[in-house]
Protein chains: 2
Amino acid sequence: MMKNMWIFGRSNKVVIVVFTGVLATELLWQLYKRTRSKIPSKSINEVLFFSEESSNCRMHAVSRTPCDRSNCSVTQLRKLCAYLESAQQNLDVCMYLFSCEDLAAAIAKVFCRGVVVRIIVDGGMAENSACERRIRDFRERGIRVRMKKSEYLMHHKFAIIDRKLILTGSTNWTMQAMHGNWDNVIVSNQLALVKPFIAEFDRMWILLTTGED
Amino acid sequence: MMKNMWIFGRSNKVVIVVFTGVLATELLWQLYKRTRSKIPSKSINEVLFFSEESSNCRMHAVSRTPCDRSNCSVTQLRKLCAYLESAQQNLDVCMYLFSCEDLAAAIAKVFCRGVVVRIIVDGGMAENSACERRIRDFRERGIRVRMKKSEYLMHHKFAIIDRKLILTGSTNWTMQAMHGNWDNVIVSNQLALVKPFIAEFDRMWILLTTGED
């Protein structure tokens, strides 16, 4: 009887030791994978669409009240603003056409909070009065803007938030793009997508040193 | 001695049973996760950049010989063609400006192979002679093209390959975009990014039924 209990106790010990060992190995493996793959804990992959139906939402853009349309442009614009306003350390914007007041206000807001803001625009964009006003306003606030004057277009439409999240797509930051064109913006924190944009922005920023007023 | 061996043998059995059990559970868990998350077995996330430096590559575009520039436009263009030519069942293209001969040739090639090709373009694009020629050529080959005539722009620049892979970004499919502009194309098979584009293309295709000649 005593021997049986002893055997039973010993088996139990073995089970516990083995189980703890396997559990610890599994935890370490998961931890290693998390560190190794550098996958952000919360994955963000979202696509925002704008379409001609969005033009019907323009009328309630002032009140900022979203409607129940799947592509409501007011809802999409508010999402973009919220992403920009989520910046804590850095905000890099690289935009071909930039005249949208709401997005400019979001940038001004985070800049006032101490976020480091860098903006790259196309040189020819400044010929458009709405865009030119936006650039002048940024510079008057102390926000750094660099531009490219060339026969070719600085045609990117992307922003990087805290060097972790990319907003990019076909959409220029204009009222027509938000409230009429058929356009898209991808929002992603996939490192494989974010890292190349960071490298390209940094490369362009250095290259355009002479483009700063 | 015999008893010790029996105990040892029994412990060994327990270890094997527990280990096999844990291993089987782990394998089932991994299998469940793979099915549940629907992550493609081979993840594709790539960003192709075009830049003003790419204009220097235009001269060797005819020979299709890539150079060692990091953003060589011939290399990038060849990559885009290869992605298009990888289509086995479906190829959906939604493009604001489309005049690039190489990309059009890649589409014609897969269409000849029996791939179902659908193309959506902007109505105003047909006013550009280079783009108009491309559309006419597609239609003469029997490729279905639908377009949107409106005061707003059909400004998307994306393609979906086999309803699994998305190519999208700021880049129009023109020679200037490939060989001069500062532009980008994202290539991804992330379901969270691909699925919304499939839904939007299908929605537009139905909506533009009347836009087909």
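Convention: sequence-line order gives letters A, B, ...; per-chain numbering from 1.
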Atom CD of B:Glu101: over 12 foreign heavy atoms under 6.0 Å: no
Under a 3.5 Å cutoff, is there a donor and acceptor pairing between the side chains of B:Asn189 and B:Lys164? no
Could you tell me which portion of A:Glu46 (side chain, backbone, both or neither) has an atom closer than 4.5 angstrom to a non-hydrogen atom of chain B? backbone
Would you call the rings of B:His156 and A:Phe49 parallel, tilted or perpendicular, taking 30° and 60° as the class edges? perpendicular
A:Leu23, A:Val47, A:Asp183: which one forms the most heavy-atom pairs within less than 4.5 Å of chain B? A:Asp183
What distance do B:Asp92 atom CG and B:Phe201 atom CZ have between them, rounded to the nearest 0.5 Å? 4.0 Å
Using a 4.5 angstrom heavy-atom cutoff, name the option from A:Met204, A:Met154, A:Glu200, A:Lys157 with the most pairs to chain B. A:Glu200
Looking at CZ of A:Arg78 and CG of A:Leu80, how far apart are the two atoms once the value is rounded to the nearest 0.5 Å? 12.5 Å
Is A:Phe158 in contact with chain B via its backbone, its side chain, both, or neither, using a 4.5 Å heavy-atom distance? side chain
Which atoms of B:Ile186 are under 4.5 Å from chain A, going by heavy atoms: the side chain, the backbone, both sets, or neither? side chain
Looking at chain B, which one of A:Val187, A:Asn184, A:Val18, A:Val185 has the largest number of heavy-atom pairs inside 4.5 Å, strictly under? A:Asn184
